[in-house]
Amino acid sequence: LYLLRPFYHLNKMPTSFGDFQKANKDLAKFDQKKTFKLKAKTSSGNKLATKYTLGKGLNIEGSQKTSAINYTKLAADSDGHFEVEAELNDAIADCTIGLTAKVGSEAWTGSEECNLTLNYSNSDLDFNSTTALLGVGAVGQDLDVSYALGDMEIGGSCSLKLPFALVGKKGSFELSNTAFGLKQTSGDLTFGANFTDIHKLQAAGMGLSVLHKCSGDTTWGARVSSATTWKPSAVKANMAFETALDGQTKFSFGLDSAGVLQAKFAQDVSSKITMTYQTKVDTNNLAGDQSFGFGIQMNA
């Protein structure tokens, strides 16, 4: 009984299986977009953001919470499509029921979507379900579950195609995107392991990750993965590092196994304006074109 005690202390809320490695992925995220963003927030908590990306266009996004429905995302894009994400407020205890949708003009090159979402979460369990109603030939179902055992979390996910359809002719049942993983947190260190496409047996993939919060100012992380099997030619790896140079400035650095180096410098030049500068360099082709991006974010 004493040996089992560590698994039964007060648990923190588990993260979803899809977010097991989110902190590590976010640390290594360097989006080379040249963007200008203006954000505003009302006293009641409603939000509005306007973003212009060079070469892409204008995006306007907002959110609003009412007594019955929480509109977490209301967005319009200059490429001709609109997005809505909403959820019912306190519909069922520990459950969140929602809807996400994308619609667009004839000129829009994307796909229209209508998804029903369900999340159930308590101190030990997190379960997510997304039902894609507009899948061609089949209604799609994505399932995601994780369970907390003290400082360890285990979980899995899969995608299903159900043998009935609202769009196109009825297809057959299919199972895909099967995954299983675990995450262990010990002090400032977090270790993770995940296995993908496990229904393919010998063709399954595997990934390992580590995240270390060295101090309140500095964090580093590394990931190594293989999409098929553990062959040297199939393995990909990356590492990333972020530190606060001072109270207003952060510096991030990343390098992957393909020799691509990325760096980001973000500075709060005032209480309402943040400037971001990024660069991407292919160290295996220094004579080729490299890239540089910058962004401006203004808060009102």
Side-chain angles (χ1 to χ4, degrees), residues 3-29 70 72-73 85-100 113 115-132 139-162 174-201 203-213 219-227 236 238 240:
L3 293 175
L4 294 177
R5 186 182 299 172
F7 294 104
Y8 291 95
H9 59 65
L10 293 176
N11 292 327
K12 57 185 179 181
M13 295 292 286
T15 57
S16 69
F17 176 71
D19 288 339
F20 267 24
Q21 297 191 43
K22 184 177 186 301
N24 212 319
K25 291 178 180 177
D26 288 349
L27 184 67
K29 185 181 293 183
N70 181 17
T72 56
K73 183 176 183 179
E85 295 181 5
E87 58 189 32
L88 297 177
N89 289 327
D90 303 322
I92 305 174
D94 297 328
C95 282
T96 302
I97 300 172
L99 171 76
T100 66
E113 299 179 8
N115 304 316
L116 298 178
T117 61
L118 170 67
N119 167 259
Y120 174 81
S121 185
N122 59 30
S123 60
D124 300 312
L125 177 69
D126 186 271
F127 172 79
N128 296 278
S129 169
T130 300
T131 305
V139 169
Q141 184 81 55
D142 291 332
L143 303 174
D144 175 311
V145 62
S146 65
Y147 189 76
L149 294 167
D151 292 330
M152 178 181 289
E153 293 181 53
I154 59 175
S157 64
C158 68
S159 296
L160 307 173
K161 284 189 176 180
L162 306 179
E174 291 184 24
L175 172 66
S176 62
N177 300 324
T178 54
F180 171 80
L182 58 88
K183 181 174 71 172
Q184 173 72 42
T185 300
S186 177
D188 298 328
L189 281 167
T190 300
F191 302 92
N194 68 288
F195 304 86
T196 57
D197 288 331
I198 54 180
H199 65 290
K200 295 181 180 179
L201 300 178
M206 183 177 179
L208 301 172
S209 69
V210 60
L211 184 71
H212 184 202
K213 190 171 180 60
T219 302
W220 70 270
R223 290 186 297 148
V224 59
S225 63
S226 173
K236 296 181 179 180
N238 66 55

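Taking every heavy atom of both residues into account, Asn238 and Ala28 meet most closely at OD1-CB, 4.1 Å. Contact between Leu211 and Gly221 at its shortest, heavy atoms only, is CD1-CA, 4.1 Å. Residue Ser146 comes nearest to Ser16 through the heavy atom pair OG-CA, 3.9 Å, listed as atom of the first residue, atom of the second, then distance. Taking all atoms of both residues into account, the shortest heavy-atom contact from Cys158 to Thr178 is CB-CG2, 4.0 Å. Contact record, Ala179 with Phe17: CB-CE2, 3.8 Å, taken as the closest heavy-atom pair. Across Gly18 and Asp144, no two heavy atoms sit closer than the pair N-OD2, 2.9 Å.
Taken from CG in Asn89 to OG1 in Thr96, the straight-line distance is 9.0 Å, to the nearest 0.5 Å. One finds the CD atom of Gln21 at 9.0 Å from the NZ atom of Lys183 (value rounded to the nearest 0.5 Å). Leu160 CG to Asp142 CG: the interatomic distance, rounded to the nearest 0.5 Å, is 8.0 Å. Of the inter-residue distances, the one linking Ile92 atom CD1 with Leu118 atom CG reads 7.5 Å to the nearest 0.5 angstrom. In this structure, CZ in Phe127 is found 13.0 Å from CG in Asn122, a value given to the nearest 0.5 Å. To the nearest 0.5 Å, atom CG of residue Asn119 and atom CG of residue Asp94 are 9.5 Å apart.
Residues Leu27 and Lys25 form no side-chain contact, since every pair of their non-hydrogen atoms from C-beta on lies 4.5 Å or further apart. Contact annotation: the side chain of Thr15 never approaches that of Asp126 to less than 4.5 Å [non-hydrogen atoms, C-beta and beyond]. Residues Thr117 and Asn128 have side chains not in contact (no heavy-atom distance under 4.5 Å, counting atoms from C-beta outward).
Ring planes of His212 and Trp220: perpendicular class, angle over 60° (limits at 30 and 60°).
Between the side chains of Asn115 and Thr100, at least one donor N or O sits under 3.5 Å from an acceptor N or O.
No donor-acceptor distance shorter than 3.5 angstrom exists from the side chain of Asn177 to the backbone of Ser159, with no hydrogens or angles considered.
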For Lys200 and Ile198, what are the C-alpha separation, side-chain angles and deciding distance, and is it a side-chain contact (heavy atoms from CB on, under 4.5 Å)? CA-CA 5 Å; Lys200 295 181 180 179; Ile198 54 180; over 6 Å; no

